[in-house]
Q: 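Quick one: structure below, then a few questions.
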Amino acid sequence: MLLLLCVGHAVGQSPWQWGLRAGVMLGGPIPASSDPDSSSGNLAVGPSGGVFVQYAVSERWRIQAGLAYAFKGATYQQLYRNDTLMPLQIFPGLIDTVPTYYYADASGKMQLHYIDLPILVQWRAAKGMWVQFGPYLSGLIGGKDAGKANIQIGDGLLFPDTTITFDNIHEIRRLDVGICLGGSYELENGLFFEMRAQRSLRGLYRKGFLASQGLPEIPLYHTQFYLGLGWRF
């Protein structure tokens, strides 16, 4: 019996722990700058959950590595104007190009599925309260960035309006990297509550994609807020 108690005490004092977490994530790609008169959008709310392992360096410091699924996305609408050249029949049998402009009213929805790998340094600020910060690596595993654009050329009198559909999922970078900052409150039975904000350091789309669509090359950065529960074993 004494031997079993000693073994149980040694296991309880192990610096290694693992656990589960689950919660909701609010957020998605946010442009570095935008014009509220021509663009609008709403960030998505979706599930997130996974596992983690942590190592206690001391009573006040820990290092935690996690693996979690995360849903990220947004709905968006943008109206923009651009110059273009259009073929126009000047006389019967004579076609030339004329300079004009077009308006595009684009709307779409991003529904993106990621695997996040955060590596967090945790510091105990008070009993049960921990501050956490560190980098994360994120991999896109699927989803869509689809919508439609209604295009009006010039004043709409010479050329008919056009509607096109699009899905830009293949233009989104597969790998993302960013930083996390948050905190948690832990109970003695292993249950904990946590919240965390994270921000990407890489633009959402491949370089040059927005410019190829006649849009300003303004990067979009994933920005999320996570709120959840977890259990330490």
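This structure is a prediction, so every number in the text was calculated from the model and none was measured.
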Q: What residue pairs, at least two apart or across chains, pass salt bridge (Lys or Arg N to Asp or Glu O under 4.0 Å) with a residue in residues 205-231?
A: none
Q: Rest of the hydrophobic cluster containing F192 (Ile/Leu/Val/Met/Phe/Trp/Tyr, side-chain heavy atoms under 4.5 Å)?
A: F52
Q: Partners of A125 by side chain to side chain contact (heavy atoms under 4.5 Å, CB included), sequence neighbours excluded?
A: W123, V131
Q: Sequence neighbours left out, what passes salt bridge (charged side-chain N to carboxylate O under 4.0 Å, His left out) with E59? Give chain and number order.
A: none
Q: For I63, look at atom CD1 and say whether over 12 heavy atoms of other residues, nucleotides or ligands are found less than 6.0 Å away.
A: no
Q: So which residues get pulled into L227's cluster when ILVMFWY side chains under 4.5 Å apart are joined, directly or through others?
A: M195, F225
Q: Report the relative orientation of the aromatic rings in H113 and Y69; use parallel for angles under 30°, tilted for 30 to 60°, perpendicular for over 60°.
A: parallel
Q: Rest of the hydrophobic cluster containing W130 (Ile/Leu/Val/Met/Phe/Trp/Tyr, side-chain heavy atoms under 4.5 Å)?
A: none
Q: Just jot down the side-chain hydrogen bond (donor to acceptor under 3.5 Å, both in side chains) partners of N150, sequence neighbours excluded, or say none.
A: T163
Q: Test your reading of the model: is there a side-chain donor-acceptor pair from R124 to the backbone of W61, 3.5 Å cut-off?
A: no
Q: Can you name the side-chain hydrogen bond (donor to acceptor under 3.5 Å, both in side chains) partners of N168, sequence neighbours left out?
A: none
Q: Does any donor atom in the side chain of D105 or Q77 lie under 3.5 Å from an acceptor atom in the other side chain?
A: yes
Q: Not counting sequence neighbours, which residues clear side chain to side chain contact (heavy atoms under 4.5 Å, CB included) with P135? List them please.
A: none
Q: Does any donor atom in the side chain of Y205 or D145 lie under 3.5 Å from an acceptor atom in the other side chain?
A: yes
Q: How would you list all residue pairs meeting salt bridge (Lys or Arg N to Asp or Glu O under 4.0 Å) that involve residues 162-177, not counting sequence neighbours?
A: none
Q: Taking only residues two or more places apart in sequence or in another chain, which ones pass side-chain hydrogen bond (donor to acceptor under 3.5 Å, both in side chains) with S48?
A: none
Q: Who passes side chain to side chain contact (heavy atoms under 4.5 Å, CB included) against I164, sequence neighbours left out?
A: A149, I151, T162
